[in-house]
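Written out below as structure tokens is the structure these notes cover.
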Amino acid sequence: MRLFAVINQKGGVGKTTTVANLAYALAERGKQVTVIDLDPQGSLSASLGMNTRNMAGIDEVLMDEASINDVMQVARENLYLVPAGKKLAQIEQMSEGSSAQAKRLNAALKELKGQDFVFIDCPPASGFLVISALYAVQEVIIPVASEYLSLHGLSHLMGTFNMFEKSLGKTFKQWVVVTRFHTRRKLAQDVYHSLIEHFPNKVLSTPIRETSALAESPSFGQTIFEYRGNCNGADDYFSLATDLLEGRTL
Ligand SMILES: Nc1ncnc2c1ncn2[C@@H]1O[C@H](COP(=O)(O)OP(=O)(O)OP(=O)(O)O)[C@@H](O)[C@H]1O
Ligand SMILES: [Mg+2]
């Protein structure tokens, strides 16, 4: 079972879009995939068209009130969703520093059976929820939008990983995904090239192009493959799934 946290404290870089579409692409290839909505905003559930507003979710798992298998929902064939749950926002605010609590997610994921891939959709923050995710995973996916200032936050984020690696004595496999890529903009090209230069062997081969259908599909509760299977966004996420399976990087 490969466990991934999709992380970037910067908002709107494509974390949720990447979780939903990458997970679907892998599920379609017959992999068993679980996605966890660790963002109190619950946008992952909404993106998948799942009305989970009144359902228990990862919130109760983190509070030791439910087991992860009890709160898991079937989202598609081979694809399961653990919703956020109403109390997740409170948990992010209340839980400060208790490492026993931050390890609960790690323990909960061990109860999952028969899964090939787990993706955790993190909130744009670096608090308790993200720390919990870092305790639980071996691999991190960092979506980076190819725009000005993207690189700034990134060195901060890499610093957080390094700190965490030292204190836990573990090493994360880090993958960078270039998102919202405007093929013809010079700025996007510049960001792209400096990512490859700064993070050799970490940037997954396929940049995800800016595609209007990718922005539209969540409001229909559909992945890009269901909403418009023949567009750049669908091609890119399909190819990104292969990158991840084969470890293809630039
Ligand atoms: N490649 C793309 N082309 C066009 N629109 C995109 C693309 N990727 C993401 N978007 C859109 O950009 C917005 C932000 O994306 P998304 O919600 O995935 O980011 P996020 O990092 O999860 O944000 P947050 O930090 O708020 O959770 C959404 O409206 C999404 O539909
Ligand atoms: Mg999100």
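Just so you know, residue 1 is the first one in the sequence shown, and it goes up from there. Numbering of ligands and ligand atoms starts at 1, following listing order.
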- Item | side-chain hydrogen bond (donor to acceptor under 3.5 Å, both in side chains), paired with Tyr237, selected from Asn21, Thr211, Thr17, Thr18 | Thr18

- atom 2 (C) of ligand 1: which protein heavy atom is closest, and how many Å away? Leu214 CD1, 3.6 Å

- Starting from atom 1 (N) of ligand 1, find the nearest protein heavy-atom neighbour and note its residue, name and distance. Arg209 O, 3.1 Å

- Query: Would you say ligand 1 has an N or O under 3.5 Å from any N or O of Ile208?
  - Reply: no

- Message: At less than 4.0 angstrom from any non-hydrogen atom of Val13, what atoms of ligand 1 do you find?
- Response: 19 (O), 20 (P), 21 (O)

- Among protein heavy atoms, which lies nearest atom 23 (O) of ligand 1, and at what distance? Gly12 N, 3.0 Å

- Query: Closest heavy-atom contact between Phe181 and Ala188?
  - Reply: CE1-O, 3.6 Å

- Query: With a cut-off of 2.8 Å, does any N, O or S atom of Gln41 fall short of it relative to the Mg ion (ligand 2)?
  - Reply: no

- Message: The test is side-chain hydrogen bond (donor to acceptor under 3.5 Å, both in side chains); show your working for Thr223 and Glu226 and say whether it passes.
- Response: CA-CA 5 Å; Thr223 65; Glu226 298 157 306; 2.7 Å; yes

- Message: My understanding is that only one of Asp243, Asp235, Thr242 makes a side-chain hydrogen bond (donor to acceptor under 3.5 Å, both in side chains) with Thr206; could you say which?
- Response: Asp243

- Note on the structure: ligand 1 atoms nearer than 4.0 angstrom to some heavy atom of Glu210 are 1 (N), 3 (N), 4 (C), 5 (N)

- Message: Does this structure show an ion pair linking Lys87 with Glu65, if we count only N-O contacts that are shorter than 4.0 Å?
- Response: yes

- Item | Protein non-hydrogen atom below 4.0 angstrom of atom 30 (C) of ligand 1 present | yes

- Is ligand 1 under 4.0 Å from a heavy atom in the side chain of Asp39, in the backbone, in both, or in neither? side chain

- Are any of the N or O atoms of Pro124 closer than 3.5 Å to those of ligand 1? no

- Item | Heavy atom of the protein closest to atom 19 (O) of ligand 1 (residue, atom name, distance) | Gly14 N, 3.0 Å

- Ignoring angles and geometry beyond distance, decide whether Thr16 reaches within less than 3.5 Å of ligand 1 through its nitrogen or oxygen atoms. yes

- What's the shortest heavy-atom distance between Pro123 and Pro40, and which atoms? CB-CD, 4.2 Å

- Message: What protein heavy atom lies closest to atom 16 (P) of ligand 1? Include the residue and the distance to one decimal.
- Response: Thr17 OG1, 3.5 Å

- Note on the structure: Closest non-hydrogen atoms of Asp59 and Leu88, given as atom of the first, atom of the second and distance, are CB-N, 3.6 Å

- Item | Nearest heavy atoms of Val13 and Arg180, plus distance in Å | O-CG, 4.4 Å

- Among all protein heavy atoms, pick out the one at the shortest distance from atom 4 (C) of ligand 1; state its residue, atom name and that distance to 0.1 Å. Thr211 O, 3.1 Å

- Query: Heavy-atom distance to atom 7 (C) of ligand 1: which of Lys15, Arg180, Lys10 wins?
  - Reply: Arg180

